[in-house]
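One structure is given below, encoded as structure tokens.
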Number of protein chains: 2
Amino acid sequence: MDKKDNVSMAVIRRLPKYQRYLRELMQNDVDRISSKELSEKIGFTASQIRQDLNNFGDFGQQGYGYNVKDLYKEINTILGLGEAYNIVIVGAGNIGQAIANYTNFDKLGFNLKGIFDVNPKLIGLKIKDVEIKDIDDLEETLQNEKTDIGVICVPRANAQNVCDMLVSNGVRGIWNFAPVDLHAGENVAIENVHLSESLLTLTYMLKDGK
Amino acid sequence: MDKKDNVSMAVIRRLPKYQRYLRELMQNDVDRISSKELSEKIGFTASQIRQDLNNFGDFGQQGYGYNVKDLYKEINTILGLGEAYNIVIVGAGNIGQAIANYTNFDKLGFNLKGIFDVNPKLIGLKIKDVEIKDIDDLEETLQNEKTDIGVICVPRANAQNVCDMLVSNGVRGIWNFAPVDLHAGENVAIENVHLSESLLTLTYMLKDGK
């Protein structure tokens, strides 16, 4: 079950949704599901579901459908879950705190190794047993322990500097909440959450009714 | 400058990025820019930029490029900015507070009309002069003043109920941060921010290096 280089990002971005629906099915004690039934739940066509999953292997069985638990496990493996990821959060404002409080972190295999900020009022506070430290301590933390993912929740003016420091200390995954496009080497994966872009997509969709 | 029904969501989702880069150019006193120069900044090809913008009108001029300020204004209009939107936030946890604190709200024309929660510890607190109210008061607020956008920041188990209440009181735009797909009528626009799906896309991209 290897990562396939020729799989489009559109397919990749649908995988976490499959994972979420399969988890729900498991929680509801559903053992197997046809692509048609899954289609009705998830809102993709049955043919798209079959195509998406065929990128990674031959999971379904004619006349039986998918074994929910097996497919869930396979998709977790494809998504790189089951690995342990060390993670740091830079910027302990509302968004940084929301991420730190994210309840599923441990379950998914993410170990929060540190939260950093410049604000003396925040430094020393604890979020879920992790103390907010001075951003001046970030580099030392990164050098002491291999860190996989850096979450950037600082203002846009500082985001590239933070990104540079993370990457120069071995971080290969950047989860960026700052409203700016960051630049890093080719071997660094950057995933952006641009909230204002999401909101403006909504206003576009609303516009006709105003 | 009307909304075109045949424009794909992929194009729509790029518009806020154009808007962001054009705003930066304006802030840096850049008056005009060629699609080639814009391409180098924004990371789309010059041909894609021309194609995207041609969906909405004839903005560029051969040999001159785009007038930055005019194009910025046009894109704002396409995105439905310049209108005023009344907005309520349901759920005043970290994410709800982050949205309420979003500094550009006023500038973009969003009027935050209320923040609601069930937690007695939060009710009565103020975020940027807006008091957090009991969620039992939500319906009355919606009935007293036409509300355009509801931001859902409650746990997934309550999200559909909140959505139903918002929609039945005239809200046509839902900005959903709960990790669940909401169902509403066809005339309701739903924009999801599924943080865990974004994070799992990042672990997928990281996986090969583990």
Side-chain angles (χ1 to χ4, degrees), chain A residues 2-3 9 12-13 15-17 19-21 24 41-43 77-81 83-85 93-102 104 108-110 148-149 151 172-175 179-181 187 189-210, chain B residues 2-3 9 12-13 15-17 19-21 24 41-43 77-81 83-85 93-102 104 108-110 148-149 151 172-175 179-181 187 189-210:
Chain A
D2 290 329
K3 173 167 150 182
M9 278 310 291
I12 306 307
R13 292 199 175 280
L15 290 179
K17 193 165 171 179
Q19 197 256 9
R20 175 157 57 86
Y21 274 84
E24 276 173 39
K41 286 193 177 293
I42 204 166
T77 307
I78 296 166
L79 287 170
L81 295 173
E83 310 278 351
Y85 295 94
N94 291 121
I95 292 281
Q97 291 190 28
I99 303 298
N101 276 312
Y102 180 50
N104 277 331
L108 289 171
F110 298 98
D148 303 293
I149 295 173
V151 189
R172 284 187 52 248
I174 300 288
W175 201 18
V180 60
D181 294 313
N187 58 340
I190 300 179
E191 171 72 11
N192 293 302
V193 180
H194 286 160
L195 292 179
S196 60
E197 296 188 7
S198 167
L199 180 59
L200 297 195
T201 305
L202 185 59
T203 57
Y204 175 88
M205 294 190 286
L206 277 180
K207 195 182 53 159
D208 265 6
K210 290 291 288 187
Chain B
D2 290 330
K3 173 167 153 185
M9 276 311 290
I12 307 307
R13 291 198 175 281
L15 290 179
K17 193 165 172 179
Q19 197 256 9
R20 176 157 56 86
Y21 274 85
E24 276 172 39
K41 287 192 178 288
I42 204 166
T77 306
I78 296 166
L79 286 171
L81 295 173
E83 310 279 349
Y85 295 94
N94 291 121
I95 292 281
Q97 291 189 29
I99 303 299
N101 276 312
Y102 180 51
N104 278 330
L108 289 171
F110 298 98
D148 304 293
I149 295 173
V151 189
R172 283 188 53 247
I174 301 288
W175 202 18
V180 61
D181 295 312
N187 58 341
I190 300 180
E191 170 72 11
N192 294 301
V193 180
H194 285 159
L195 292 179
S196 60
E197 296 188 7
S198 167
L199 181 59
L200 298 195
T201 305
L202 185 59
T203 58
Y204 174 88
M205 294 189 285
L206 276 180
K207 195 182 52 161
D208 265 6
K210 291 290 288 187

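Numbers restart at 1 for each chain; the letters A, B, ... are given by sequence-line order, proteins then strands.
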Kindly indicate whether the side chain of B:His194, heavy atoms from C-beta on, has any atom under 4.5 Å from the side chain of A:Arg13.
->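 No, too far: nothing below the 4.5 Å cut-off.
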Contacting moiety of B:Ile149, where chain A heavy atoms sit under 4.5 Å =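 When you check distances to chain A, only side chain atoms of B:Ile149 fall under 4.5 Å.
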Can you tell which part of B:Leu199 gets under 4.5 Å to a heavy atom of chain A, answering side chain, backbone, both or neither?
->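 Both backbone and side chain.
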Return the minimal non-hydrogen interatomic distance between B:Trp175 and A:Leu195, and the atom names on each side.
-> CZ2-O, 3.2 Å
Could you tell me which non-hydrogen atom of B:Ala189 sits nearest to which non-hydrogen atom of A:Leu202, and how far apart they are?
->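 That closest heavy-atom pairing would be O-CD1, 3.6 Å.
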Contact leader toward chain B among A:Asn192, A:Ile174, A:Ile42, where contacts are heavy-atom pairs under 4.5 Å | A:Ile174
Looking at A:Gly96, A:Gly43, A:Ser198, which makes the most heavy-atom pairs under 4.5 Å with chain B?
-> A:Ser198
Spell out, as yes or no, whether a donor-acceptor pair under 3.5 Å connects the side chain of B:Thr203 to the backbone of A:Leu79.
-> yes
Any chance the side chains of A:Asn94 and B:Asn94 put a donor and an acceptor closer than 3.5 Å?
->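 Side-chain D/A pair, A:Asn94 to B:Asn94: absent.
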Could you verify whether a donor N or O on one side chain and an acceptor N or O on the other, from B:Thr201 and A:Glu191, lie under 3.5 Å apart?
->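 There is no such pair between these side chains.
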A:Asp181/B:Lys17 salt bridge by N-O under 4.0 Å criterion = yes
Answer yes or no: is there an ion pair linking B:Glu197 with A:Arg20, defined by an N-O contact shorter than 4.0 Å?
-> yes
Under a 4.5 Å heavy-atom cutoff, which of B:Gly93, B:Ser196, B:Gly80, B:Ala98 has the most pairs with chain A?
->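 That would be B:Ala98.
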